[in-house]
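Some notes on the structure that comes next.
Just so you know, these numbers come straight off a predicted model, no measurement behind them.
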Amino acid sequence: SGIHTIVNDKFCDVVGKKREEIIGNNHCNIWNIAPEEYAKNEFVCMETEAPVIQQAKSFMFEEKVKLGDDIHFLNTYKSPVFDKNHKVIGTVGYARDITDLWNQSTELRLILNYLPLAIMVTDIDENIKVVNTAFCETFATKPELIEGNCVKHWQEEEYSAKVSLLRREEKPIGLNIIFNLINKKG
């Protein structure tokens with residue numbers, strides 16, 4: 001039922017409450033939301049508790065939570081807590097507020113979508129993070145079909161033929177990966 005038994009100082013800061021106001025309370029009281037809104041499951045961590053409890057293993061989630069009038073995005077790691085009989089009795093979690101990073105990503109996407117060349121942005125592991133509108137138009141695809149895939153997988157698939165054709169026609173495709181979101185290892 002979301003009763004919190006232990007919290008750290010950062011959690012108290014995020015929800016804007018003292019530890020004593022949090023311990024022993026449920027999500028509705030902690031996040032200041034009505035039970036009806038909580039039941040909608042829209043801006044609370046309720047839906048991420050279920051797989052941890054049901055599958056008895058750890059997960060990482062991106063959660064959207066409502067803090068006052070603001071929406072925050074959290075990277076949350078949750079693990080099951082077991083009793084002495086190995087029965088799941090709750091969860092323990094760690095969350096990092098990534099709202100600023102999420103907003104920067106949204107701004108980057110807006111900027112990239114105004115550029116006329118097909119652009120792909122990857123992370124250090126060559127996972128495709130963002131493709132712009134021109135990219136999707138050039139390769140007749142949608143962001144949700146490309147983003148999250150590895151560049152190597154993308155290059156080996158149907159798009160390599162399209163790149164070759166565009167290059168033979170000497171059309172500017174701007175396919176260069178413009179930068180990595182994370183500094184290079186080493």
Are Val7 and Leu74 connected in a single hydrophobic cluster, I mean Ile/Leu/Val/Met/Phe/Trp/Tyr linked by side-chain heavy atoms less than 4.5 Å apart? yes
Nearest heavy-atom approach of Ala56 to Pro80 is C-CG, 3.6 Å
Verify the cluster assignment for Tyr77 and Phe59: are they in a single hydrophobic cluster under the rule of side-chain heavy atoms below 4.5 Å apart? no
To the closest 0.5 Å, what do you measure between NE2 (His4) and NZ (Lys17)? 11.0 Å
Just by modelled atom types, is the Phe73 backbone N or O under 3.5 Å from a matching donor or acceptor in the Thr99 side chain? yes
Check the pair Arg96, Glu62 against salt bridge (charged side-chain N to carboxylate O under 4.0 Å, His left out), reporting the backbone distance first and the verdict last. CA-CA 10 Å; Arg96 181 171 176 233; Glu62 186 172 290; over 6 Å; no
Taking a hydrophobic cluster as the set of Ile, Leu, Val, Met, Phe, Trp and Tyr residues connected by side-chain heavy atoms closer than 4.5 Å, whether directly or through intermediates, do Ile30 and Ile23 fall within one such cluster? yes
Heavy-atom donor-acceptor pair, Asp9 side chain to Cys12 backbone, under 3.5 Å: no
Taking all non-hydrogen atoms of both residues, which atom of Thr91 and which atom of Ile53 are closest, and how far apart? CG2-CG1, 3.8 Å
Shortest non-hydrogen contact between Val131 and Cys136, atoms and distance: CG2-SG, 3.8 Å
Residues Glu147 and Lys142 bridged, charged N to O under 4.0 Å: no
Could you give the distance from CD1 (Ile98) to CD (Glu63), rounded to the nearest 0.5 Å? 10.0 Å
Does Phe11 belong to the same Ile/Leu/Val/Met/Phe/Trp/Tyr cluster as Tyr94, with side-chain heavy atoms less than 4.5 Å apart forming each link? no
Quick check: are there more than 12 heavy atoms from other residues, nucleotides or ligands sitting under 6.0 Å from CG of Leu110? yes
Could you report the tightest heavy-atom contact between Val52 and Ser79, atom names first, then the distance? CG1-C, 3.5 Å
Just checking, is any N or O donor in the side chain of Lys78 or Thr48 under 3.5 Å from an acceptor N or O on the other one? yes
Rounded to the nearest 0.5 Å, how far does CD1 of Ile22 lie from OG1 of Thr5? 12.0 Å
Given 3.5 Å as the limit, does a donor-acceptor pair link the side chain of Glu21 with the main chain of Lys18, or not? yes
What distance do Lys129 atom NZ and Leu108 atom CG have between them, rounded to the nearest 0.5 Å? 12.0 Å
State whether the side chain of Arg109 and the backbone N or O of Val130 hold a donor-acceptor pair below 3.5 Å, judged by distance alone. no
Is there a donor-acceptor pair under 3.5 Å between the side chain of Asn149 and the backbone N or O of Ile146? yes
So, the side chain of Asn132 versus the backbone of Ile119: is there a donor-acceptor pair under 3.5 Å, distance only? yes
Going through the distances and angles, do Thr76 and Met60 end up as a side-chain contact (heavy atoms from CB on, under 4.5 Å)? CA-CA 6 Å; Thr76 306; Met60 194 277 290; over 6 Å; no
Donor-acceptor pair, side chain of Asn25 and main chain of Asn29, under 3.5 angstrom: no
Locate the shortest heavy-atom distance separating Gly148 from Asn127; write the atom from each residue and the value. O-OD1, 4.5 Å
Nearest heavy-atom neighbours spanning Phe135 and Ala118: CA-CB, 3.4 Å
